[in-house]
Trainee: 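Sharing a structure with you now.
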Amino acid sequence: MRAVQLALPAEYKIALVLAAGAGLRQGEVFGLAVEDINREALALNVVRQVRIVGNQLVYAPPKSKKARTVPLGDGVLDALDDHMAAFPPVDVTLPWERPGGEPVTARLVLSMDGTACRRQVFNMGVWRPAFAAAGLEYRPQEDGMHGLRHLYASSQLENGVSIKALSLNLGHHDPGFTLRTYTHLMPTSHDRSRAGPPTAPSSRRGGLTAWRRPDHGKQGC
């Protein structure tokens, strides 16, 4: 994923960091606002996503209508700060849940042409071209942004995070679902003894670590 990260336009690199470094779904990345960053607790409050309903952008609760708090690593926070310094957040007002719903304004970290990112426009105009620019063949089932959640999950498990904690971080409805989805990634004791570097960005002290391209594409999680 390092090659894709380098190939992404500067204003959109943060999308990869938030998906792989905090486990956010694509719509949650698009809906993340400045007010959702809890610096004191080093956490992200995931309280909204951007969806398309009737071809109109709307805000909505995260999947399963379940808000959550995700631990925020120093490296991800550094990346957020760098991004917001270079590309100031934008106030975006969208209806809540449906066209004509109550207007809600959020100061979005990531935007496109002054409004929230539209999934298809981002995927076809930003994400897929980055693979081409990196000299990589795009694999629809493996290389969508959702695959970065699996990258995040594998990193968490490698670092000893429990299935219950991972389930909460990912916003799953049931730890059993998380276990069934990621049991093949759970490291053995031998694996832990030779664990490699994490896939999330490190803090400024160490720069960015290597990003590994996900080789699995389970959807819906």
Side-chain angles (χ1 to χ4, degrees), residues 1-32 44 46 49-52 62-64 68 70 73 75-76 79 110 112 117-159 161 163 166-167 169-188 191 194-202 208-221:
M1 274 294 141
R2 176 66 172 171
V4 175
Q5 182 188 31
L6 292 173
L8 282 168
E11 63 268 37
Y12 299 119
K13 292 182 189 294
I14 194 64
L16 186 151
V17 174
L18 289 171
L24 271 59
R25 301 178 177 94
Q26 187 181 53
E28 296 167 349
V29 170
F30 295 164
L32 185 71
L44 291 179
V46 184
Q49 63 172 318
V50 173
R51 296 186 60 204
I52 300 174
K63 190 174 181 179
S64 302
R68 68 187 188 279
V70 179
V76 177
L110 183 65
M112 180 178 285
C117 293
R118 184 176 285 263
R119 182 181 67 249
Q120 288 184 328
V121 174
F122 181 89
N123 290 344
M124 300 305 295
V126 177
W127 189 250
R128 289 196 182 198
F131 279 80
L136 297 171
E137 179 183 358
Y138 183 82
R139 306 167 300 175
Q141 294 301 314
E142 291 87 1
D143 292 331
M145 273 191 66
H146 199 83
L148 297 176
R149 273 169 58 85
H150 303 305
L151 193 64
Y152 170 81
S154 66
S155 174
Q156 293 283 290
L157 290 172
E158 286 172 3
N159 286 314
V161 174
I163 282 290
L166 177 61
S167 181
N169 292 348
L170 291 171
H172 286 167
H173 64 283
D174 172 29
F177 174 80
T178 310
L179 178 61
R180 292 190 298 273
T181 303
Y182 294 114
T183 186
H184 65 290
L185 295 179
M186 294 182 68
T188 63
D191 291 330
R194 55 182 176 81
T199 55
S202 63
L208 286 173
T209 57
W211 295 84
R212 295 175 297 174
R213 191 182 191 193
D215 58 3
H216 38 74
K218 292 180 183 288
Q219 299 298 311
C221 55

Trainee: Enter the distance from Asn169:CG to Leu44:CG here, rounded to the nearest 0.5 Å.
Mentor: 10.5 Å
Trainee: Looking at every non-hydrogen atom in both residues, tell me the closest pair between Ala133 and Ala7 and how far apart they are.
Mentor: CB-CB, 3.9 Å
Trainee: Starting from the C-alpha separation in whole Å, work towards a yes-or-no answer on side chain to side chain contact (heavy atoms under 4.5 Å, CB included) for Val70 and Tyr152.
Mentor: CA-CA 12 Å; Val70 179; Tyr152 170 81; 3.9 Å; yes
Trainee: To check you understand the geometry: which heavy-atom pair defines the closest contact between Arg119 and Phe30, and what is its length?
Mentor: CA-CE1, 4.0 Å
Trainee: Can you list the steps and then say if Cys117 with Leu110 is a side chain to side chain contact (heavy atoms under 4.5 Å, CB included)?
Mentor: CA-CA 7 Å; Cys117 293; Leu110 183 65; 3.9 Å; yes
Trainee: Of all heavy-atom pairs between Ala153 and Leu170, which one has the smallest distance, and what is that distance?
Mentor: CB-CD1, 4.3 Å
Trainee: If you measure from NE2 on His172 to NZ on Lys63, what distance do you get to the nearest 0.5 Å?
Mentor: 7.5 Å
Trainee: How are the rings of Tyr138 and Phe131 set relative to one another: parallel (under 30°), tilted (30 to 60°) or perpendicular (over 60°)?
Mentor: perpendicular
Trainee: What's the spacing between Leu16 CG and Leu6 CG if we round to 0.5 Å?
Mentor: 10.0 Å
Trainee: Measuring from Asn123:CG to Met145:CE, what's the distance to the nearest 0.5 Å?
Mentor: 8.0 Å
Trainee: When rounded to the nearest 0.5 angstrom, what distance separates CG in Leu24 from CG in Leu148?
Mentor: 11.0 Å
Trainee: So which atom in Ala15 and which in Phe122 form the shortest heavy-atom distance, rounded to 0.1 Å?
Mentor: CB-CZ, 4.0 Å
Trainee: With side chains defined as the heavy atoms from C-beta onward, is the minimum distance between Val29 and Val50 less than 4.5 Å?
Mentor: no
Trainee: Run the side chain to side chain contact (heavy atoms under 4.5 Å, CB included) check on Val126 and Met112 step by step: do they pass?
Mentor: CA-CA 11 Å; Val126 177; Met112 180 178 285; 4.1 Å; yes
Trainee: Looking only at non-hydrogen atoms, find the nearest pair between Val17 and Ala79 and report the distance.
Mentor: CG1-CB, 3.9 Å
Trainee: Counting only heavy atoms not in Arg68 (residues, nucleotides, ligands), do more than 12 fall under 6.0 Å from its CZ?
Mentor: yes
Trainee: Quick check for you: to the nearest 0.5 Å, what is the distance between Leu151 atom CG and Gln156 atom CD?
Mentor: 11.0 Å
Trainee: Search all heavy atoms of Leu8 against all heavy atoms of Ala130 and return the closest pair with its distance.
Mentor: CD2-CB, 3.6 Å
